[in-house]
2 protein chains.
Amino acid sequence: MKLKELAEQLGLSQTTVSRALNGYPEVNKATRERVSRAALQFGYSANANARRLAIGRVGAIGILMPNDRSERFGPHTSEFFSGLAERLSQDEFDLLMSPVTNNDEIASYQRLISSKRVDAIIVTGPTLMDERVTMLIEEKFPFVLHGRTNIEAPHAWLDIDNAGAFRQAASHLLDLGHRHIAMIDGLKGHTFSEHRELGYREALQGRGVPVDPRFIVHERFSDEVAFRETQRLLACDPHPTAIIAGSMMTALGVSRAIRSEGYEIGKEVSIIAHDDVFPYLNASNMVPSMTTTRSSIRSAGIRIAEMLVRVLDGEPVEHIHEVWPVELILRQSSGPPTSPGQR
Amino acid sequence: MKLKELAEQLGLSQTTVSRALNGYPEVNKATRERVSRAALQFGYSANANARRLAIGRVGAIGILMPNDRSERFGPHTSEFFSGLAERLSQDEFDLLMSPVTNNDEIASYQRLISSKRVDAIIVTGPTLMDERVTMLIEEKFPFVLHGRTNIEAPHAWLDIDNAGAFRQAASHLLDLGHRHIAMIDGLKGHTFSEHRELGYREALQGRGVPVDPRFIVHERFSDEVAFRETQRLLACDPHPTAIIAGSMMTALGVSRAIRSEGYEIGKEVSIIAHDDVFPYLNASNMVPSMTTTRSSIRSAGIRIAEMLVRVLDGEPVEHIHEVWPVELILRQSSGPPTSPGQR
DNA sequence: ATCAAAATTCAAAGCGCTTTGAACAATAGT
DNA sequence: ACTATTGTTCAAAGCGCTTTGAATTTTGAT
């Protein structure tokens, strides 16, 4: 059923019916009631495309899905989406996931913009000089960035204090007496990864502990990779007595490797993991329970959706940015270093 | 830039430019080249809403996000989406995630349909007589169901052999000599859950082993719940010597509980888990490695996207349905039952 | 050259909605 | 009773694209 038909049914003009349904004030109360009732009865709902064409707004937020299979839809992504969705549903925004085509990310962003399929875009996983960000700023297209860049021009973003997270973790391990501390984090180039390394270095250098480049690993987040890298690390001499893991998946692989080498977690080798908080992977339920730097990626999603709404409401973006602190939560996987015989 | 402007730039009519860009045959080759080049140069890309309005097709597939936080975006969902997205991107389909509003699922589906925001819908997690399915069939709106119902009317669906999975698991445990076997699976009402229970019962009854209703648990998939329920099960007398877990998250909780009661996994108490295959939760990497019934939910997503394309191409739906077999993969977590002293 | 057929191009209508500016009806003010 | 005001409703234009049916140009055959 289309507007015209509904209007005819009611013996009214399209104008009036449209206004009644969209809550304009200049409609008689009785008429509005009658219209609403009829709309419900006939199951009328405006053709979204016609409506959008007419008003120029879409009611959808876009996210581009990287074609690279490994980056797409990890557990991080889905928790983040979940948060986004929770908030956006309040404002009846749809979430449009569009694939990157021809492996050309920038072009895909540009097409998404100029085809007017979305009102705003969410950008995730930025590099330090992310060209998507540069482009969106240039095009003046509304967006919010999850993460941070070094780009000066004002834009809206939300990031957690990644440097602080790793700094705290490393400092804590140093406090416990560790002198050989390794880190296994995400791929180089990404801001979060660089910041974490920075925090790690600061902590070590602050105590005059030399940084061993062999102990800094940048790799994909996965159980497998972490297992392999940890084995390599433990084969070093001297080997690290503590490992900071960039994600909970990484932590699983690290744990496995430590055990398989016959060490005890939290004794001979400690672990601190960054926890983005997954409902199905609980740090305190692990055996031994896992010391973590915690920051809910889901909450970040919720907040970013909020920021997006503010951006679309025309609030100036230069004031819309936040850095969230990260909590260090001590549990059993971290303790003072023990030599194998020394139990 | 809009079509009209581009056409003026080129000294051509909108008609010709439109046709050139959409690959119609009646355009001079030279002209087409010229148009394409100009479009690229000016970054022109048709306004999607106007285009959709004109052609009546959208180029997007819809999924409704349940408002119920617990059901939304679990790891299953995200793996499934990942598969969908992989395939849909080939055909340049967008994936539109729309929130359920006012907690009224059916109404939300109806609005999604009548607002013409999507060309087809994907339905997941059906019950045996799912009313969403009934409704979509009635409305003749294209959709594919992930899972199965008892609804007779023809429609497209893909399901795995859930009954077979639990039948195999239970049979294997019976073969090993277990006589007290419990199952912890998802919520009742969902088809997959009912089918699994069916398979479990068939296996037991086939051997004349009585079914103890206390040993059948239907709950949300989560580490926590599984831990608690397993503790309860192990407190029974006699307690189960084997537990079939409906998901890998469940299996984690079950493992934890078994250990915390001082039993050894695969010896005093065995586990078989259903594995939907998550890249970051690898059954063979667990300690001990986990016996599973395996079926990749990601592959299901890919396949369902394919089916969707076929449905939209007008292929009759009565032939579009598949049941995927499930593989039992033996690992260390299942073995013959051992009494505690008997090592 | 000449005309029919084929190849290109075009003007205009239509997709279903919102919104402008005008018309009409009801109410109030003098 | 008559105008000014307010409240309601309407006809028509426009959003930017596709597509129909007609017009124009090019080609090929005579």
Under 4.0 Å protein heavy-atom contact, by nucleotide of nucleotides 17-27 of chain C - B base, S sugar-phosphate only: BBBBB------
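Take A:R19 and apply the salt bridge (Lys or Arg N to Asp or Glu O under 4.0 Å) test, not counting sequence neighbours, and it matches A:E26. Among residues two or more places apart in sequence or in another chain, the salt bridge (Lys or Arg N to Asp or Glu O under 4.0 Å) test is passed with B:E152 by none. Every residue meeting the side chain to side chain contact (heavy atoms under 4.5 Å, CB included) condition with B:R52, not counting sequence neighbours, appears here in chain and number order: A:N49, A:R52, A:R117, B:A48, B:N49, B:V58, B:D94. Checked against salt bridge (Lys or Arg N to Asp or Glu O under 4.0 Å), A:R303 has the following partners two or more places apart in sequence or in another chain: A:E306, A:E322. Residues forming a side chain to side chain contact (heavy atoms under 4.5 Å, CB included) with A:Q41 (at least two apart in sequence, or on another chain): none. Considering only residues two or more places apart in sequence or on other chains, A:Q90 meets the side chain to side chain contact (heavy atoms under 4.5 Å, CB included) condition with A:R87. For B:K4, the side chain to side chain contact (heavy atoms under 4.5 Å, CB included) partners at least two apart in sequence or on another chain are B:E8, B:Q14.
Distance from the side chain of A:N28 is smallest to D:dT8 among D:dG16, C:dT8, D:dT8.
One can place CG of B:L53 at 4 Å from C1' of C:dC15, the figure rounded to the nearest angstrom. Straight-line distance from the CD atom of B:E8 to the P atom of C:dA11: 11 Å, rounded to whole Å.
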List the atom pairs, with distances to 0.1 Å, where a side-chain N or O of residues 313-320 of chain A and a protein N or O form a donor-acceptor pair under 3.5 Å, not counting sequence neighbours.
residue	atom	partner	partner atom	Å
A:E315	OE1	A:R310	NE	3.3
A:E315	OE2	A:R310	NE	3.3
A:E315	OE2	A:R310	NH2	2.9

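Taking five base pairs at each end of the helix from C:dA1-D:dT30 to C:dT30-D:dA1 and finding the rotation axis that steps the C1' atoms of four pairs onto the next four gives two axes whose angle is 50°, to the nearest 10°.
For the segment residues 30-42 of chain B, the set of residues with a heavy atom within less than 4.0 Å of an atom of DNA chain C comprises B:T31, in numerical order.
Pairs engaging residues 92-147 of chain B under the ring pair (Phe, Tyr, Trp, His ring centres under 6.0 Å) rule: B:F80-B:H146, B:F143-B:H155 [sequence neighbours left out].
The side-chain heavy atoms of A:F192 and A:D159, taken from C-beta on, include no pair separated by under 4.5 Å.
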